[in-house]
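Hydrogens, waters and symmetry mates play no part in the numbers below; they use all other heavy atoms, side chains included. To find a chain, count down the sequence lines: A is the first, B the second, and so on, and within it residues start at 1.
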Number of protein chains: 2
Amino acid sequence: MFVNVNGHPGSRPKALGELGELSRARIVPSEFRYNKGTEIYGEAEPADYIYQVVDGAARSYKLLSDGRRQIGAFHLVGDIFGLENGLVHRFTAEAIVDTTVRLMKRCSLEHVAESDVFVALDLLNMTTSNLQHAEDHMLLLGRKTSLERVAAFLLEMDRRLTAAGVIALPMCRRDIADYLGLTLETVSRALSYLHGKGILGFLGQTQRQIVLLDRVRLAELDL
Amino acid sequence: MFVNVNGHPGSRPKALGELGELSRARIVPSEFRYNKGTEIYGEAEPADYIYQVVDGAARSYKLLSDGRRQIGAFHLVGDIFGLENGLVHRFTAEAIVDTTVRLMKRCSLEHVAESDVFVALDLLNMTTSNLQHAEDHMLLLGRKTSLERVAAFLLEMDRRLTAAGVIALPMCRRDIADYLGLTLETVSRALSYLHGKGILGFLGQTQRQIVLLDRVRLAELDL
DNA sequence: GGAGAAGCTTGATACAGATCAATGGTCCAT
DNA sequence: ATGGACCATTGATCTGTATCAAGCTTCTCC
């Protein structure tokens, strides 16, 4: 496990100048900036590039024909996304805030993987991390209550983006809801409940900065 | 895409004498029989083997501490399962009916993957198929109604195990419910509804043999 | 700095699906 | 053949979350 995908256990921190062991592919990556809310790629579009978040955050989602949305993952600083082992993307990806990504051509990557075992094994490790996240998320979506889901979300974000004890969420309540299979009102109510219980606190005026005051009780709420 | 995992698009039919391209590993697989309801491996157990269903069917699931269960996948004849790219299994696997599996040691497989690009790429393809299934299932669990879920389930089973126009389900209503994030009563009501609408019919005495009478209308119900 | 848009919370109500409960069928094992 | 362990269906009721609605706050951009 050498590459940091979604911050899963087994990953290691790494310098941002590289795309993990994929740097073996020796392809110079270029950077690109997406404004808040803009699409990085669309579902079923050709998957020509893979991406790494340099700054900002992105969401990957699927839509039903009537507009219902399921966000499969959030991509935070350092995460690699857009890696589909097929010809087309299976999600739409959008910048949640103004976001800078590093990107590299996928076809060249595939070509290298065919001749370089270490690149292939690295792709396998990244895909496995994504799979593990999806497996855990199926359990959450299929069987957890709204409070358990929100607790799990906070613990995930705590693990992945807490700086100086503060969770600075880049995404709005609707994004959280679409990630957890809930409505934004239910997410808001669960957060208010946790606030009332003294398990978390809000920082500043906006409700996007959260401080976890009691991780033990929060973890007990996520069965 | 050379290996048949969960019957996803891009897979090809294959003779049962092999474990896909993994046969390149040249490790003689042995067969084993599990009685209905018995455990093949447990969550968090060391992942020493990978498995291929020769006959029968299996379920992979996670449990919450209070017994709520989420089945992540059903493994039907020809499917390979138990392939974790970590040291331990992330699911518990059980035989749904009396089941024969072919198994091979995982450590030897890993060793071969490090020296053989084609084995590594094959593992990557299998993992990608599993990931794609999980991604689709997240959308189902997070955003679809009970009727949409049951319709999607029937279409998946139709694709994966219909013989002679009949879907012979190996699993009970509770298994279906735990796969779809519903209760068994809700699954039963949805099936009765589809029966009443003339979209499906039951064959014989048991309710496990289903004939799809109108795939078009069924597909319209799964958004 | 003011107007409008977006985002969040909170309350009232509705409803899809869960839960509780009863019945009948099938398949074994004795 | 009989008893009992599943298994599935169906009905009645309950409830967690969605939906509908209102109001407040904070951004954004003329």
Side-chain angles (χ1 to χ4, degrees), chain A residues 35-37 59 64 66-70 94 96-98 140-151 153 168-197 200-210 221 223, chain B residues 35-37 59 64 66-70 94 96-98 140-151 153 167-196 200-210 221 223:
Chain A
N35 287 326
K36 173 177 175 174
R59 56 183 170 243
L64 293 177
D66 64 356
R68 279 172 282 171
R69 182 178 71 157
Q70 179 62 44
E94 286 174 356
I96 294 175
V97 293
D98 290 353
L140 179 147
L141 293 170
R143 289 299 180 217
K144 291 188 182 180
T145 66
S146 61
L147 189 58
E148 288 163 359
R149 292 179 203 208
V150 171
F153 170 76
L169 297 174
M171 72 290 284
C172 65
R173 299 290 189 259
R174 174 169 293 282
D175 285 340
I176 300 171
D178 285 351
Y179 179 59
L180 299 179
L182 300 168
T183 60
L184 64 93
E185 292 94 333
T186 299
V187 171
S188 181
R189 282 183 236 272
L191 289 172
S192 295
Y193 172 84
L194 294 170
H195 186 204
K197 287 273 179 184
L200 63 80
F202 292 106
L203 219 71
Q205 340 293 15
T206 115
Q207 313 299 82
R208 297 269 185 102
Q209 311 237 76
I210 291 175
L221 291 175
L223 290 197
Chain B
N35 286 327
K36 173 178 175 173
R59 55 183 170 241
L64 293 177
D66 64 356
R68 278 173 283 171
R69 182 178 69 158
Q70 179 62 44
E94 287 175 356
I96 294 174
V97 292
D98 291 352
L140 178 147
L141 293 170
R143 290 298 180 217
K144 291 188 182 179
T145 66
S146 61
L147 189 58
E148 287 164 358
R149 294 180 202 209
V150 171
F153 170 76
I167 304 178
L169 296 174
M171 73 290 284
C172 66
R173 299 291 189 260
R174 173 168 294 282
D175 286 338
I176 300 171
D178 285 351
Y179 178 60
L180 299 179
L182 301 168
T183 60
L184 65 92
E185 292 94 333
T186 299
V187 171
S188 182
R189 282 184 237 273
L191 290 172
S192 295
Y193 171 85
L194 294 170
H195 186 203
L200 62 80
F202 292 107
L203 220 71
Q205 342 291 11
T206 116
Q207 314 297 84
R208 298 269 186 104
Q209 312 236 77
I210 291 174
L221 291 174
L223 290 198

Any base atoms under 4.0 Å from B:Ser192, or only sugar-phosphate, or nothing? Heavy atoms, all strands. sugar-phosphate
What is the distance, to the nearest angstrom, from the CZ atom on A:Arg208 to the C1' atom on C:dT9? 14 Å
Using a heavy-atom cut-off of under 4.0 Å over every strand shown, decide if B:Gly37 touches base, sugar-phosphate, or nothing. nothing
Heavy atoms only, 4.0 Å cut-off, all strands: where does A:Arg189 land among base, sugar-phosphate and nothing? base
State whether A:Ser188 places a side-chain N or O below 4.0 Å from either non-bridging phosphate oxygen (OP1 or OP2) of C:dC8. no
When every non-hydrogen atom of B:Glu94 is compared with those of B:Arg59, the smallest separation belongs to OE1-NH2, 2.7 Å
As a test of reading the structure: which of D:dT17, C:dG17, D:dT9 is closest to the side chain of B:Phe202, going by heavy atoms? D:dT9
Once you round it to whole Å, what is the distance between P of D:dG16 and CZ of A:Arg149? 14 Å
For B:Ser146, answer base if it contacts any base atom (sugar-phosphate contacts may also be present), sugar-phosphate if it contacts only those atoms, and nothing otherwise; contact means non-hydrogen atoms under 4.0 Å. sugar-phosphate
Pair A:Ile176-A:Leu182, side-chain contact (heavy atoms from CB on, under 4.5 Å): steps then yes or no: CA-CA 8 Å; A:Ile176 300 171; A:Leu182 300 168; over 6 Å; no
Do B:Leu191 and B:Arg173 make a side-chain contact, defined as non-hydrogen atoms from C-beta onward lying under 4.5 Å apart? yes
What integer distance in Å separates A:Leu184:CG from D:dA22:C1'? 14 Å
Measure across A:Leu180 and A:Arg149 and return the closest heavy-atom pair with its distance rounded to 0.1 Å. O-NH1, 2.8 Å
Euclidean distance, atom CD of residue B:Glu185 to atom C1' of C:dT19 [Å, nearest integer]: 7 Å
Answer with yes or no whether B:Arg173 presents, from its side chain, a donor or acceptor under 3.5 Å of a partner atom in the base of D:dT10. no
What is the distance, to the nearest angstrom, from the CZ atom on A:Arg68 to the C1' atom on D:dT19? 14 Å
Would you kindly compare A:Arg174 and A:Arg143 by the position of their nearest DNA chain C nucleotide and give the one closer to the 5′ end? A:Arg174
Under 4.0 Å between any heavy atoms, over every strand shown, what does B:Leu191 touch: base, sugar-phosphate, or nothing? Just pick one. nothing
Whole angstrom value for the distance that separates P of C:dA16 from CG of A:Leu182: 18 Å
Evaluate side-chain contact (heavy atoms from CB on, under 4.5 Å) for A:Leu194 paired with A:Leu221, printing each intermediate quantity in order. CA-CA 10 Å; A:Leu194 294 170; A:Leu221 291 175; 3.4 Å; yes
Which whole-number value in Å describes the distance from B:Leu180 CG to C:dG17 C1'? 13 Å
In whole angstroms, the gap separating P of C:dC27 from CD of B:Gln207 amounts to 11 Å
